[in-house]
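Everything below concerns the one structure shown next.
Each residue takes its place number in the sequence, starting with 1. In each ligand, atom 1 is the first atom listed, and ligand 1 is the first ligand listed.
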Amino acid sequence: MIPDELKRMTPMKGKERLGAHRDSEYLGAEDIDPDVEPVVTIKDLYYGVVTLQRGKEAKDVIAFVEEKVPGINQVRPMIANATNRKILKKLYHKVDAETLCGKRIQLYVDHNVRDPSTGDKTDGIRIRAIIPKAVPQEPVHKCEMCGNALTPAGGMGVTKLAEYTKEKYGRVLCGACAKKEAVRIKHEQEAQQAEQAEQTENTAENATEE
Ligand SMILES: [Zn+2]
């Protein structure tokens, strides 16, 4: 028997894995898919008290522009430790906000990080000591209905999909909203046709009465 609670949960499918949906404020090694080195863009730097498993500590935190990238299901801010700070310094020479904001970094999971509380080896997020190559990216198109960024749909890339929906529906729509809009328009047309048919019938009736 399936417990009621389970019925309200979202089942994981395909490549979704355990650990990727954990409820944490900060990015952890479990957030990164195995064998992927996600590339993220630094948005802002923060400093302040963060709540960790071992208690509250003052830390540097790096927030990112992206909400989702290949290899990370949910991009969260990352606590910057001394090792990562040193790598950033090596990469960009300076580690001030002005220098780092907007810079792209490549992350990977280091399996040989010493856990400060136990002294054992654990997984930790590290910044790769290379500047990620610029990838020719398609511009971001936002759906004018739900606000989400467009993803390829209906065999079209995002730019093509944006053009197609703008042309067909008068505004840029994501695949899901375009489908909803198509259904809505179809229902509207059907209602109109039904109304017209009824009017024609009424006119015909009136004509016979006269
Ligand atoms: Zn949408």
Side-chain angles (χ1 to χ4, degrees), residues 2-46 61-79 100-109 125 132-196:
I2 300 169
D4 282 346
E5 261 181 353
L6 225 59
K7 289 178 195 159
R8 291 192 288 272
M9 294 182 195
T10 317
M12 289 191 216
K13 290 201 180 88
K15 299 266 184 238
E16 281 188 273
R17 57 173 178 78
L18 300 173
H21 297 283
R22 82 207 162 85
D23 200 10
S24 168
E25 301 280 330
Y26 302 102
L27 200 65
E30 357 8 6
D31 290 319
I32 298 183
D33 289 342
D35 308 320
V36 183
E37 299 203 354
V39 173
V40 284
T41 314
I42 298 174
K43 188 178 176 209
D44 296 299
L45 305 181
Y46 292 88
V61 176
I62 303 173
F64 301 109
V65 172
E66 297 85 358
E67 288 169 13
K68 195 183 172 116
V69 294
I72 308 178
N73 186 48
Q74 194 192 338
V75 181
R76 307 166 218 260
M78 183 177 87
I79 294 170
L100 291 181
C101 293
K103 294 288 191 291
R104 295 163 72 245
I105 53 172
Q106 184 170 326
L107 305 176
Y108 70 100
V109 176
I125 301 178
K133 269 191 229 115
V135 279
Q137 274 180 330
E138 281 198 279
V140 174
H141 295 280
K142 290 241 165 138
C143 172
E144 289 177 54
M145 208 176 207
C146 68
N148 289 337
L150 265 58
T151 51
M156 287 176 268
V158 293
T159 304
K160 186 86 195 295
L161 182 65
E163 285 167 4
Y164 172 79
T165 50
K166 183 86 188 172
E167 171 79 30
K168 190 164 181 188
Y169 302 110
R171 50 187 179 161
V172 173
L173 296 177
C174 72
C177 291
K179 258 186 212 157
K180 277 185 222 160
E181 188 64 0
V183 171
R184 193 188 66 77
I185 290 171
K186 190 165 167 261
H187 287 168
E188 213 174 70
Q189 282 170 348
E190 281 169 0
Q192 262 175 16
Q193 278 165 5
E195 207 176 301
Q196 271 168 10

> Is a salt bridge present between Arg184 and Glu181, judged by a nitrogen-to-oxygen distance below 4.0 Å?
Replying inline: yes
> Would Lys166 and Glu163 satisfy salt bridge (Lys or Arg N to Asp or Glu O under 4.0 Å), going step by step from the backbone distance to the final call?
Replying inline: CA-CA 5 Å; Lys166 183 86 188 172; Glu163 285 167 4; over 6 Å; no
>> Rounded to the nearest 0.5 Å, what separates atom CG in Leu45 from atom CD1 in Ile62?
In response: 6.5 Å
> Do the non-hydrogen side-chain atoms of Thr41 and Arg104 ever get within less than 4.5 Å of each other?
Replying inline: yes
> If we only count heavy atoms from C-beta on, is the Asn73 to Asp31 side-chain gap below 4.5 Å?
Replying inline: no
>> For Glu167, I'd like to know if atom CD has over 12 heavy atoms of other residues, nucleotides or ligands within 6.0 Å.
In response: no
>> Considering the Zn ion (ligand 1), could you give the total of protein N/O/S atoms lying closer than 2.8 Å?
In response: 4
